[in-house]
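Just below is one structure, and these are the notes that go with it.
Residue numbers start from 1 in every chain, and the chains themselves are labelled A, B, ... in the order their sequence lines are given, proteins ahead of strands. For clarity, every value in this text was computed on a predicted model and none was experimentally measured.
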4 protein chains.
Amino acid sequence: MGKKQVPSLVKDERLISRRRAQIVKAAVGLFNEKGYHKATTREVANASGFSIGTLYEYIGSKEDILFLVCDSVYDEVVRKWEKLLDSNLRGLERLRQVIESYFRVVDDLQDEVLVMYQETKSLSGEALRYVLEKEIRIKDVFEKELINAREEGVLTMDDRQLSLAAHHILVVGQMWTFRRWAVQKEYSVDEYIDYQLRQLIYGFGVNEQAPDKQPVPQKEE
Amino acid sequence: MGKKQVPSLVKDERLISRRRAQIVKAAVGLFNEKGYHKATTREVANASGFSIGTLYEYIGSKEDILFLVCDSVYDEVVRKWEKLLDSNLRGLERLRQVIESYFRVVDDLQDEVLVMYQETKSLSGEALRYVLEKEIRIKDVFEKELINAREEGVLTMDDRQLSLAAHHILVVGQMWTFRRWAVQKEYSVDEYIDYQLRQLIYGFGVNEQAPDKQPVPQKEE
Amino acid sequence: MGKKQVPSLVKDERLISRRRAQIVKAAVGLFNEKGYHKATTREVANASGFSIGTLYEYIGSKEDILFLVCDSVYDEVVRKWEKLLDSNLRGLERLRQVIESYFRVVDDLQDEVLVMYQETKSLSGEALRYVLEKEIRIKDVFEKELINAREEGVLTMDDRQLSLAAHHILVVGQMWTFRRWAVQKEYSVDEYIDYQLRQLIYGFGVNEQAPDKQPVPQKEE
Amino acid sequence: MGKKQVPSLVKDERLISRRRAQIVKAAVGLFNEKGYHKATTREVANASGFSIGTLYEYIGSKEDILFLVCDSVYDEVVRKWEKLLDSNLRGLERLRQVIESYFRVVDDLQDEVLVMYQETKSLSGEALRYVLEKEIRIKDVFEKELINAREEGVLTMDDRQLSLAAHHILVVGQMWTFRRWAVQKEYSVDEYIDYQLRQLIYGFGVNEQAPDKQPVPQKEE
DNA sequence: TATGAATGAGTATTCATTCAT
DNA sequence: GATGAATGAATACTCATTCAT
């Protein structure tokens with residue numbers, strides 16, 4: 001996957017990186033506050049600390065700003081994951097930690113994730129495909145972990161349920177941001193992580209001794 | 001909760017309802033296709049089958065259109081639920097059916113839900129509060145069902161986990177729309193409902209005989 | 001001067017008069033409050049007590065409303081003058097009373113005069129000409145009175161100064177309305193009439209015994 | 001009186017002045033021709049020699065254009081007065097010249113004064129207050145001159161008549177523009193000034209030997 | 001490289017007027 | 001005669017983008 005290129009009139013790569021980091025930071029703040037469409041490029045330029053002309057030395061269009069934001073979030077998520085994924089933890093505990101780690105990154109990058117989450121749809125064509133592909137990559141990480149867990153005998157899930165579960169984990173993470181108006185009023189991150197991990201792993205906690213108990217209908221394989 | 005009033009210059013209430021239904025239908029299509037911000041009021045008017053002047057006889061501002069869309073979705077969800085919630089089904093089966101019913105409404109009203117879901121944040125002030133309140137009402141329905149189930153001895157969950165679980169169900173439903181680019185490519189609605197119900201109720205299906213098995217740490221942990 | 005015709009779809013002349021009186025009354029209030037351009041025909045219709053459709057049964061265009069207002073003011077001014085002009089008062093006292101009478105009509109019809117005064121320029125073509133012609137007619141009344149006074153030996157003014165003086169009287173009357181923000185705060189009508197009559201008749205009250213006294217430079221005839 | 005600020009997106013103050021002068025000039029022409037309400041911002045921009053976007057770099061709203069026009073008129077009136085008011089002319093001759101000077105400025109800036117005069121009422125809130133305050137300032141100049149003249153023994157007028165006379169002078173000046181359809185057809189500026197000065201100073205030129213002669217009822221009546 | 005003035009296509013909204021009922 | 005729903009031309013204002021300095 002060739003990194004979708006955002007055009008720049010400037011040659012110095014180091015400068016480009018620095019300026020774009022400024023832009024992303026400023027943009028995340030603004031996009032969160034007023035939304036991508038209501039935030040103007042002028043405002044982004046100002047908040048970035050330079051003029052509108054300079055802004056356009058480092059991007060080709062407003063959409064590129066949004067793309068840069070999305071792109072940076074994924075990079076950060078992946079970066080924060082690296083150490084953990086390399087560890088030799090195994091079994092349910094490993095799964096638990098991988099998920100928790102992701103949840104914490106989402107919490108740290110809350111504003112960024114929220115922007116990415118709510119405004120991605122405004123990207124068009126190539127940029128959209130690129131961002132969705134990155135999202136799939138993250139999903140793939142979860143899927144791989146779930147497969148590992150299954151191979152270790154911890155879980156019983158067929159392939160397709162497992163793939164869906166991977167999506168599910170991703171969404172439960174994002175939910176911490178896009179429903180923060182409700183959820184973050186009632187729960188701390190720690191509580192949220194605790195409860196949602198239990199929910200993911202054990203479900204509603206069905207009481208098997210209940211009157212209408214019924215065997216867990218796992219794919220009868 | 002007084003229904004937030006959308007102003008109209010027209011007096012005939014029946015006509016207002018009819019025209020607004022046209023508007024909502026047209027708007028859902030357009031908003032899905034190009035997003036709320038990129039769709040113009042003129043396009044909405046044309047797609048509704050009348051002129052821009054007429055459009056403004058039935059709404060006060062573009063935002064009102066978005067509000068009407070959101071409002072209509074909730075009404076429909078609640079309407080489709082009515083019979084079921086009055087039935088005398090009980091226990092896990094009732095819970096299952098309530099959730100499934102919701103999932104199916106979301107599937108039916110896919111476009112509407114997606115719009116509501118992705119553009120709600122563009123509402124401002126009163127309208128936003130009103131829509132979020134309706135969302136809470138739906139969450140309350142799930143919460144009440146979960147409480148009933150617990151009282152019948154089917155579930156073991158403390159109050160706060162239960163509240164979060166209610167949010168969770170809601171999101172899993174919406175997820176069918178906002179991740180349709182991935183999920184609907186791989187699963188039919190029936191499959192989706194089947195898998196997600198299992199996921200919600202039983203979690204990852206932890207194998208209690210697995211090496212690192214550990215007791216389900218419900219509540220009394 | 002053929003009365004400029006305002007078209008009506010209605011036949012009954014008596015009804016037309018009644019409705020138009022309603023329209024004028026409503027319009028004067030609205031035009032004063034918000035100005036001719038910001039007042040809408042809908043508002044005029046409502047304030048008149050009937051529907052927009054009905055309004056257009058009695059006028060041909062919005063401009064006609066303005067015209068009707070202007071027209072009615074002149075009629076009223078002339079009507080109120082009738083008795084006085086027929087009296088056999090003579091000399092300075094007659095002049096005084098004719099002017100005072102005009103000032104009082106302006107005070108009575110303040111809102112109407114102000115509208116006419118400030119919005120006349122928005123009339124176009126025929127209507128404008130008609131209204132200006134009526135204004136000239138009023139000026140002619142003053143001119144005639146001044147001429148009479150001169151013939152009685154009360155005044156010494158040549159024809160051209162006299163014509164200008166007639167305009168002047170007219171404007172001093174209107175000034176009571178269009179500068180009411182300043183003048184009506186400081187003076188009662190009675191005071192205003194008293195002071196302005198003196199001003200008109202005797203000017204600044206030049207002290208003939210003053211050091212730099214100089215003979216009144218009336219046209220040295 | 002803090003100068004009401006008209007907002008601009010441009011930083012170069014010199015450029016702002018230059019562009020605004022262009023705008024005022026163009027606007028005066030257009031507003032005279034079609035009136036403030038019927039002239040569009042686009043027309044103003046075109047007549048100013050730049051695009052609509054550029055126009056809005058120098059003003060915040062259409063109303064600001066009107067305000068700039070009014071503001072510039074007062075500045076010009078005051079500027080043209082400066083030398084004269086500092087002169088050591090005294091007595092009736094001074095009064096005469098101050099008034100004449102004002103009349104000539106009004107004649108020079110005819111279009112501007114007319115616009116200001118007829119459209120001021122369309123200003124709202126702060127801008128209106130500001131413009132009326134400037135008008136009062138000009139009136140104050142006349143009032144001060146009248147007081148001086150009285151102190152020099154040239155005039156006999158009480159304070160309140162004198163204040164009204166100041167308003168009067170102002171209106172007689174403006175009248176040259178707002179009744180130009182009639183007055184300028186009959187008189188040259190020079191004539192107008194001559195006649196109106198006489199009218200202001202000596203009134204109708206009452207013949208003291210006339211039959212019904214009565215003592216000039218100045219003040220001590 | 002950086003700046004910021006200029007651009008003009010684009011957009012929500014208004015409102016005089018018409019006409020079928 | 002009265003009504004009021006429908007119309008669409010018109011208009012103030014915004015904002016992404018360019019380019020000369």
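One can find a donor-acceptor pair under 3.5 Å joining the base of E/dG10 and the side-chain atoms of D/R42.
Atom OH of D/Y58 and atom P of E/dG4 are 13 Å apart (whole Å). Between D/L55 atom CG and F/dT11 atom P there is a gap of 15 Å when expressed in whole angstrom units. Between C/I59 atom CD1 and E/dT18 atom P there is a gap of 10 Å when expressed in whole angstrom units. The CD1-P distance, from A/I65 to F/dA16, rounds to 8 Å in whole Å. Taking atom CZ on D/F50 and atom P on F/dC19, their separation rounds to 21 Å, with Å as the unit. The interatomic distance linking A/D12 (CG) with E/dA2 (C1') rounds to 14 Å, in whole Å. Taking atom CG of D/L30 as the reference point, atom C1' of F/dT11 lies 15 Å away to the nearest angstrom. Between the CG atom of D/L15 and the P atom of E/dA5 there is a distance of 7 Å, rounded to whole Å.
OP1 or OP2 of E/dT11 has not a single side-chain nitrogen or oxygen of B/T41 nearer than 4.0 Å. For D/Y56 and F/dT14, the shortest distance from a side-chain N or O to OP1 or OP2 is not below 4.0 Å. For the OP1/OP2 pair of E/dT7 and a distance below 4.0 Å, the side-chain nitrogens and oxygens of D/T54 include at least one atom meeting the criterion. Side-chain nitrogen and oxygen atoms of B/S51 include none within less than 4.0 Å of the OP1 or OP2 phosphate oxygen of F/dA6.
Each of C/G49 and A/Y36 has a nearest nucleotide on DNA chain F; the 5'-most of these lies closest to C/G49. Looking at which nucleotide of DNA chain F each of A/E57 and A/A39 is closest to, the 5′-most match is held by A/A39.
The shortest non-hydrogen separation linking A/E43 to A/A39 is OE1-CA, 3.4 Å. Annotation for C/V28 and C/V69: closest pair CG2-CG1, 3.7 Å, computed over non-hydrogen atoms.
Comparing E/dT13, F/dT7, F/dA16 against the side chain of B/S61 picks out E/dT13 as the nearest. Side-chain proximity of B/T40 to the nucleotides E/dA16, F/dT11, E/dT11 is greatest for E/dT11. You'll find that the side chain of B/V10 is closest to F/dA5, out of F/dA5, F/dT17, F/dG1.
Ring geometry, A/F67 versus A/Y130: the interplanar angle falls from 30° to 60°, so the pair is classed tilted.
At a threshold of 4.0 angstrom between heavy atoms, the contacts of D/A45 with the nucleic acid are absent.
Base pairing annotation: E/dT18 forms a Watson-Crick or G-U wobble pair with F/dA5, both donor-acceptor distances under 3.5 Å. Here E/dA12 sits opposite F/dT11 as a Watson-Crick or G-U wobble pair (both hydrogen-bonding atom distances under 3.5 Å).
At a threshold of 4.0 Å, the pair C/K62-C/E119 does not count as salt-bridged, since none of the basic side-chain nitrogens sits closer than that to a carboxylate oxygen.
Between the side chain of B/Q22 and the backbone N or O of B/S48 there is at least one donor-acceptor pair closer than 3.5 Å.
With 3.5 Å as the limit, one finds no donor-acceptor pair spanning the side chains of D/S72 and D/E112.
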